[in-house]
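Written below as structure tokens is the structure these notes are about.
Because only heavy atoms are used, hydrogens play no part in the values below, and waters and symmetry mates are left out as well, while side chains stay in.
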Amino acid sequence: MEKIRGLSFGPRVPTMRDYLDRMDATPFGPPGAPKQHPRVIGAVGTKMLGLAAERTSGAVPFGMPVEHTARARARMGPDAFLGVFQAVLLGPQDRTTREKAWSHVAESLPNRADMLSGLGYSVDLAGPDAERLVRSLVVRGGRDEIATRVREHLNAGADHVSLSAIGTRPDVLPHHQWRELAGLLD
């Protein structure tokens, strides 16, 4: 069992494979309906992406750089759905937005360190390459900067890019950011 943030988890890929087996064995829909319905799973690592390619309609990696999107597309093949999440921080390129971006990355690193290292990133937030890592995981700035990153993910093979507005208090929905980002690529 692996402990993440105080919760115990079984080995990721076997646990997900068992979950998909149980889904397949569970009746769904009206009698006579097809057993297999489109489904996607959250997948970041190579083995989980392989399981997604084998057993689902696609994958939704969360919080990875554009380089990962290209690798995920190669692993999933051309026909699978690939939706990625990109953390965004609307606002000026100032100390406050920089600190929020760094804080977000620091919180998410334990789950992604090995994969980020495999993509050529140093995960040492005190190291000389830390700013490159933070900028690859959190796009900050205005609509133009965010639209550029979305296009990079789409060009790398994503079918869909979900924007995750960060930097607000956890008890407040980011309505302002959502309004600002709505229709970004129209």
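Pairs passing the salt bridge (charged side-chain N to carboxylate O under 4.0 Å, His left out) check and including a residue from residues 83-95, sequence neighbours excluded, read R95-E99. For residues 125-142, the salt bridge (charged side-chain N to carboxylate O under 4.0 Å, His left out) pairs, not counting sequence neighbours, are R98-E131, D129-R132, E131-R135, E131-R140.
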So R17 and E54, salt bridge (charged side-chain N to carboxylate O under 4.0 Å, His left out) or not? Walk me through it. CA-CA 10 Å; R17 186 178 301 281; E54 172 191 330; 3.0 Å; yes
Residues V123, D114; criterion side-chain contact (heavy atoms from CB on, under 4.5 Å); working and verdict: CA-CA 9 Å; V123 294; D114 289 344; over 6 Å; no
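R112 contributes a side-chain N or O that, together with a main-chain N or O of F62, makes up a donor-acceptor pair within less than 3.5 Å. In this structure, D159 contributes its side chain and L82 its backbone to a donor-acceptor pair below 3.5 Å. Looking at T97, its side chain does come within 3.5 Å of a backbone N or O of P92 through a donor-acceptor pair.
Annotation: ring pair (Phe, Tyr, Trp, His ring centres under 6.0 Å) contacts of F81 (sequence neighbours excluded): none. For A147, the side chain to side chain contact (heavy atoms under 4.5 Å, CB included) criterion is met by R151, L184, L185, not counting sequence neighbours. Scanning for side chain to side chain donor-acceptor pair (under 3.5 Å) contacts around N155 gives an empty result, with sequence neighbours left out. Checked against side chain to side chain contact (heavy atoms under 4.5 Å, CB included), R75 has the following partners two or more places apart in sequence or in another chain: T46, L49.
Screening H68, Q86, R73 against H153 for a side-chain hydrogen bond (donor to acceptor under 3.5 Å, both in side chains) leaves a single residue, Q86.
Follow the hydrophobic side-chain contacts under 4.5 Å out from V138 and you never reach L163; the two are in separate clusters. Criterion: ILVMFWY side-chain heavy atoms under 4.5 Å apart, direct or through other members. Under it, V150 and L90 are part of a common hydrophobic cluster. Under the 4.5 Å side-chain heavy-atom criterion for Ile, Leu, Val, Met, Phe, Trp and Tyr, V44 and L119 are members of the same hydrophobic cluster.
Residues D18 and R22 are paired through a salt bridge, judged by an N-O separation under 4.0 Å between the basic side chain and the carboxylate. The existence of a salt bridge linking D144 and R149 is excluded, since no basic side-chain nitrogen approaches an acidic carboxylate oxygen closer than 4.0 Å.
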